[in-house]
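The structure appears right after this line, and notes come after that.
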Amino acid sequence: MIPLLGRRRLLSAFSPSLIVARREVRDQFRDWRIIIPILFLTLFFPFLMNFTAQQILGFVQQYGATIIGERLVPFLLMIVGFFPISASLVIALESFVGEKERGSIEPLLSSPIKDWQLYLGKLISSIVPSLAASFLGMGVYLIGLVLKGVRLPEANLLVQIFMLTIAQAIVMVSGAVVVSTQATSVKAANLLASFIIIPMALLIQGEAVVMFWGRETLSLWWIVFGLIVLAALFVRIGLAHFQREELLGREIDVLNVRWGWRVFRQGFSGGAKTLRQWYRQAVSASLHSLRFSLLAVVVLAIIGVVIGVQQTRNFEILMPSMQMDERLETVLDILPVSSAAPVALILWQNVRVLIVALVFGICSFGILGVIPIFATMALLGFLVQTLANNGIPAEMTILGLILPHGVFEIPALILAGAAVLQIGVVLATPTSKRTVGEVFLTSLAEWMRVVVGIILPLLILAAIIETWVTPRIGLVLFR
């Protein structure tokens, strides 16, 4: 009886969203100006890809490179699925701002439904046409391959491609709906769509590399998982910042540099007047808010070390017979104590990693911002295990070559990854009194607060020790 009541309550909660979605889908399929172009492009593109596949297969078979043709067929299937999604993205981009410009959104906004129900209804109605067009194109492409006698990809790969298509559609559409809620005009929404299409096109290229490399069995599933997480974040951010009153009240966005700088400065200072007060109040508050992100990054760093150690089985490296002390003497010649240039070089390398992590994090709401710390710890595990395989004990490597400067550098990198991850967490947190721009500027200022207050001093100490101290400690231990 309890599960039945739970299902009824769930259906009752989502029924307004389904009503909105049904109304939107019906209106979309009635508009010939939307359906005919999408239908034409959806049906024409598979025929073009079939022709391309036949020509390339015939060409590569002349030279015995049939493996290239076999990899090309599933890649073209993925392109056929991606193209209709990008073409029909305009439906999602106009879901809110388009109706606002046409003056048809006021009755919908005045309806007695909640904000999240209205948002989900619009989101579902934007996903349905995109997936329908995508599946139609993929079906036409596969039927064409069967009629032409071309061997289809394996069932497992077909399932992966269809799952990739679904995940990509949800990511692109959910991102476009977020853009539609925040843009003030259809023109602005269409321009902002490039920040959705271009990263997804780059992802398609990465998926193509995986397919042609022949490692798609596990790699593509990881991509699907990452896209699902990103789609969930998009939906969460859209629900967190969607307000119908704000949608009606916002007419045009003006680039206000002074306002932006004031918000950023306030977020960086935290209201502190002195350096001591800044550290005691603002920086300590940032560290306290990072506790859960820190835990996640620490777990990810440990996983990175384990994966790096395991990869030594696949990529075995045999070192030449030169002794470790001879290598350290060479390092000491390269990094003299009298010169500060190596310190600046190492510090710049670490700062560059911070900048790359921030850019990746902004583009993915913090998710990809943890890649540098993950890659660093994986390389660290790989290095230690490789040296151990060549007869150098792991404990000596850690104590002599890693720990002296790593005690400052590794916590700094972990803290940097957590600070980038926190940007996505803040953006996904409902804030009824602040706009998305204000939330983003504040979270960016808090990232800068942690970097300037804690991470940069740690990295400076790590660079000094790595240049002038670590090689000498290692030389003492390895002699």
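Keep in mind it's a predicted model, so treat the numbers as computed, not measured. Because only heavy atoms are used, hydrogens play no part in the values below, and waters and symmetry mates are left out as well, while side chains stay in.
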query: Hey, are the side chains of Gln168 and Ile204 touching, using non-hydrogen atoms and a 4.5 Å cut-off?
result: yes
Residue pairs, two or more places apart or on separate chains, that pass ring-ring contact (aromatic ring centres under 6.0 Å, His included) and touch residues 143-166: Phe135-Phe162
message: Applying side-chain contact (heavy atoms from CB on, under 4.5 Å) to Leu220 and Leu157, what does each step give before you reach the verdict?
response: CA-CA 9 Å; Leu220 290 182; Leu157 184 55; 3.9 Å; yes
Spacing of Met448 atom CE and Arg265 atom CZ [to the nearest 0.5 Å]: 15.5 Å
statement: All heavy atoms of Ala418 vs all of Ser293, minimum pair found to be O-CB, 3.6 Å
query: Would Phe75 and Met78 count as a side-chain contact (heavy atoms from CB on, under 4.5 Å) if you check the C-alpha gap in whole Å, the side-chain angles of each, and the deciding distance to 0.1 Å?
result: CA-CA 5 Å; Phe75 169 70; Met78 184 174 62; 3.7 Å; yes
- line: Taken in chain and number order and not counting sequence neighbours, the residues that satisfy side-chain contact (heavy atoms from CB on, under 4.5 Å) with Leu358 are Ile362, Ile423, Leu444, Trp447
message: Counting C-beta onward and ignoring hydrogens, is there a side-chain heavy-atom pair between Asn156 and Trp221 closer than 4.5 Å?
response: yes
- prompt: What's the shortest heavy-atom distance between Val235 and Ser174, and which atoms?
  reply: CG2-CB, 4.0 Å
Arg262 vs Gln266 side-chain heavy atoms within contact, under 4.5 Å: no
- request: Looking only at non-hydrogen atoms, find the nearest pair between Met200 and Val171 and report the distance.
  value: SD-CG1, 4.1 Å
field: Verdict with supporting geometry, Val177 and Tyr119, side-chain contact (heavy atoms from CB on, under 4.5 Å)
entry: CA-CA 9 Å; Val177 173; Tyr119 185 87; 3.6 Å; yes
CE-CD1 distance between Met138 and Ile79, expressed to the nearest 0.5 angstrom: 11.0 Å
field: Non-neighbouring partners of Ile454 that pass side-chain contact (heavy atoms from CB on, under 4.5 Å), sequence neighbours left out
entry: Val283, Leu287, Leu415, Leu458
query: Among all residues two or more places apart in sequence or in another chain, which pass the side chain to side chain donor-acceptor pair (under 3.5 Å) test with Gln311?
result: Asn314
task: Can you establish whether the number of heavy atoms outside Arg313 located under 6.0 Å from its atom CZ is more than 12?
output: no
- request: Kindly write out the residues that satisfy side-chain contact (heavy atoms from CB on, under 4.5 Å) with Leu380, not counting sequence neighbours, or none if the list is empty.
  value: Met377, Ile402, Ile410
message: Counting C-beta onward and ignoring hydrogens, is there a side-chain heavy-atom pair between Val351 and Leu456 closer than 4.5 Å?
response: yes
field: From Arg352 atom CZ to Asn350 atom CG, the distance as rounded to the nearest 0.5 Å
entry: 10.0 Å
query: If you take all heavy atoms of Ile196 and Ala176, which pair is closest and at what distance?
result: CD1-N, 3.4 Å
- prompt: Between CD1 of Ile170 and CG of Leu227, what distance do you get to the nearest 0.5 Å?
  reply: 9.5 Å
- prompt: Can you tell me how far the CG atom of Leu354 sits from the CD atom of Gln349, to the nearest 0.5 Å?
  reply: 10.5 Å
query: Considering only heavy atoms from C-beta outward, does the side chain of Phe268 approach that of Val452 to under 4.5 Å?
result: yes
query: Mind checking whether Phe225 and Trp222 have parallel, tilted or perpendicular rings, split at 30° and 60°?
result: perpendicular
message: Measuring only between side-chain heavy atoms, which start at C-beta, is Ile161 closer than 4.5 Å to Pro74?
response: yes
query: Which atoms form the tightest heavy-atom contact between Ile223 and Leu203, and what is the distance?
result: CG2-CD1, 4.2 Å
task: Check Ile367 against Val370 and note the closest heavy-atom contact, atom names and distance.
output: O-CG2, 3.0 Å
field: Donor-acceptor under 3.5 Å (Thr312 side chain, Gly308 main chain)
entry: no
task: Could you check Val159 against Met163 for side-chain contact (heavy atoms from CB on, under 4.5 Å), going step by step and ending with a plain yes or no?
output: CA-CA 6 Å; Val159 172; Met163 291 300 298; 4.2 Å; yes
task: Spell out, as yes or no, whether a donor-acceptor pair under 3.5 Å connects the side chain of Arg291 to the backbone of His288.
output: yes
task: Check whether more than 12 heavy atoms from other residues, nucleotides or ligands sit under 6.0 Å from atom OH of Tyr279, and answer yes or no.
output: yes
- line: ring-ring contact (aromatic ring centres under 6.0 Å, His included) filter on Phe374, not counting sequence neighbours, yields none
message: Between Leu77 and Leu145, is there a side-chain heavy-atom distance shorter than 4.5 Å?
response: no
field: Other residues, nucleotides, ligands: >12 heavy atoms within 6.0 Å of Phe360 CZ
entry: no
field: Check: Ser134 side chain, Gly81 main-chain N or O, donor-acceptor pair, under 3.5 Å
entry: yes
message: With rounding to the nearest 0.5 angstrom, report the CD1 to CG distance, Ile346 to Leu459.
response: 11.0 Å
